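No experiment lies behind these values; they were computed from the predicted model shown.
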Amino acid sequence: QLRLVESGGGLVQPGGSLRLSCAASGFELETYAIGWFRQAPGAEREGVSCISSVDVKTMFLDSVKGRFTISRDNDKNTAYLQMNNLKPEDSAVYFCAVRRLTCAGDARRFKDWGQGTQVTVSS
């Protein structure tokens with residue numbers, strides 16, 4: 001059974017860093033693209049970043065370019081989202097999701113999702 005579990009969220013001060021992890025089980029992550037999405041209260045879910053099965057990286061949000069980095073470790077069956085210089089507007093529940101091979105910015109094109117991890121940026 002395919003399963004995704006996010007971790008690494010928490011409360012951090014503005015300017016701080018967090019590294020989110022997305023651990024996959026029940027399947028081999030190697031042939032999947034992994035997307036990171038976020039959803040703030042009252043807002044729609046938005047795509048943050050995606051990494052394809054051949055390590056092509058896409059950042060969907062201009063606001064996180066230069067601050068967030070997506071990566072994957074197929075040996076550990078895990079993907080990561082390194083978030084630096086966090087801002088209060090980055091506060092949201094962050095989700096990882098997978099689809100075969102290639103990335104997409106539309107959340108509807110991802111079939112399998114984790115449960116999310118809360119990120120709160122506040123002083």
Side-chain angles (χ1 to χ4, degrees):
Q1 181 179 357
L2 188 153
R3 188 177 182 214
L4 299 169
V5 178
E6 301 95 335
S7 62
L11 173 64
V12 64
Q13 292 186 342
S17 297
L18 288 172
R19 188 176 80 155
L20 305 184
S21 298
C22 173
S25 61
F27 71 108
E28 296 297 324
L29 198 57
E30 187 174 9
T31 60
Y32 285 77
I34 305 114
W36 283 99
F37 296 80
R38 69 185 186 186
Q39 188 167 19
E44 292 188 357
R45 191 168 298 188
E46 60 183 358
V48 177
S49 186
C50 186
I51 183 167
S52 77
S53 63
V54 292
D55 286 354
V56 175
K57 302 175 184 180
T58 305
M59 303 300 294
F60 297 121
L61 294 176
D62 288 341
S63 63
V64 306
K65 289 179 180 178
R67 299 190 296 122
F68 290 11
T69 303
I70 192 170
S71 62
R72 64 191 296 157
D73 185 337
N74 291 334
D75 290 339
K76 295 182 178 180
N77 229 31
T78 301
Y80 304 96
L81 185 68
Q82 178 68 43
M83 306 187 296
N84 298 328
N85 191 21
L86 283 160
K87 303 177 180 181
E89 52 264 41
D90 294 319
S91 297
V93 178
Y94 284 71
F95 301 87
C96 65
V98 296
R99 65 189 304 269
R100 291 301 302 271
L101 300 178
T102 58
C103 285
D106 187 341
R108 294 171 296 182
R109 298 182 68 182
F110 286 79
K111 176 184 175 184
D112 297 290
W113 293 79
Q115 83 291 345
T117 185
Q118 176 71 48
V119 171
T120 303
V121 185
S122 175
S123 55

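- Val121 and Val93 fall into different hydrophobic clusters, defined by Ile, Leu, Val, Met, Phe, Trp and Tyr side-chain heavy atoms under 4.5 Å apart, directly or through other members.
- Using a distance-only test at 3.5 Å, with no hydrogens or angles considered, a donor-acceptor pair links the side chain of Glu6 to the main chain of Gly116.
- For Arg108, the CZ atom sits in a loose shell: 12 or fewer heavy atoms of surrounding residues, nucleotides or ligands are nearer than 6.0 Å.
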Run Phe37 and Phe60 through ring pair (Phe, Tyr, Trp, His ring centres under 6.0 Å) and show every step you take. CA-CA 10 Å; Phe37 296 80; Phe60 297 121; 7.0 Å; no
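- Residues Tyr32 and Ser53 form no side-chain contact, since every pair of their non-hydrogen atoms from C-beta on lies 4.5 Å or further apart.
- Judged purely by distance below 3.5 Å, without hydrogens or angles, the side chains of Arg19 and Tyr80 never pair a donor atom with an acceptor atom.
- Cation-pi geometry between Arg38 and Tyr94 is not satisfied (NZ or CZ under 6.0 Å from the ring centre, within 45° of the ring normal).
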Decide yes or no on side chain to side chain contact (heavy atoms under 4.5 Å, CB included) for Cys22 and Phe95, but give the supporting numbers first. CA-CA 8 Å; Cys22 173; Phe95 301 87; over 6 Å; no
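- Enclosure of atom CD in Glu89 by more than 12 non-hydrogen atoms of other residues, nucleotides or ligands within 6.0 angstrom is indicated.
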Does the pair Asp90 and Phe68 meet the rule for a side chain to side chain contact (heavy atoms under 4.5 Å, CB included), with working shown? CA-CA 11 Å; Asp90 294 319; Phe68 290 11; 3.9 Å; yes
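- The backbone N or O of Gly9 sits less than 3.5 Å from a side-chain atom of Thr117, completing a donor-acceptor pair.
- Of the possible donor and acceptor atoms, one in the side chain of Asn77 sits under 3.5 Å from a partner among the backbone N and O of Phe27.
- Under the 4.5 Å side-chain criterion, counting only non-hydrogen atoms from C-beta, Arg99 is in contact with Arg109.
- The backbone N or O of Ala23 sits nowhere less than 3.5 Å from a side-chain atom of Ser21 that would complete a donor-acceptor pair.
- Contact annotation: the side chain of Asn84 never approaches that of Leu18 to less than 4.5 Å [non-hydrogen atoms, C-beta and beyond].
- Between the side chain of Arg72 and the backbone N or O of Leu29, at least one donor-acceptor pair lies under 3.5 Å.
- With respect to Ser49, the side-chain contact (heavy atoms from CB on, under 4.5 Å) criterion is satisfied by exactly one of Ile70, Ile34, Val64: Ile70.
- Under 3.5 Å, the side chains of Thr78 and Asp73 contain no donor-acceptor pair of N or O atoms.
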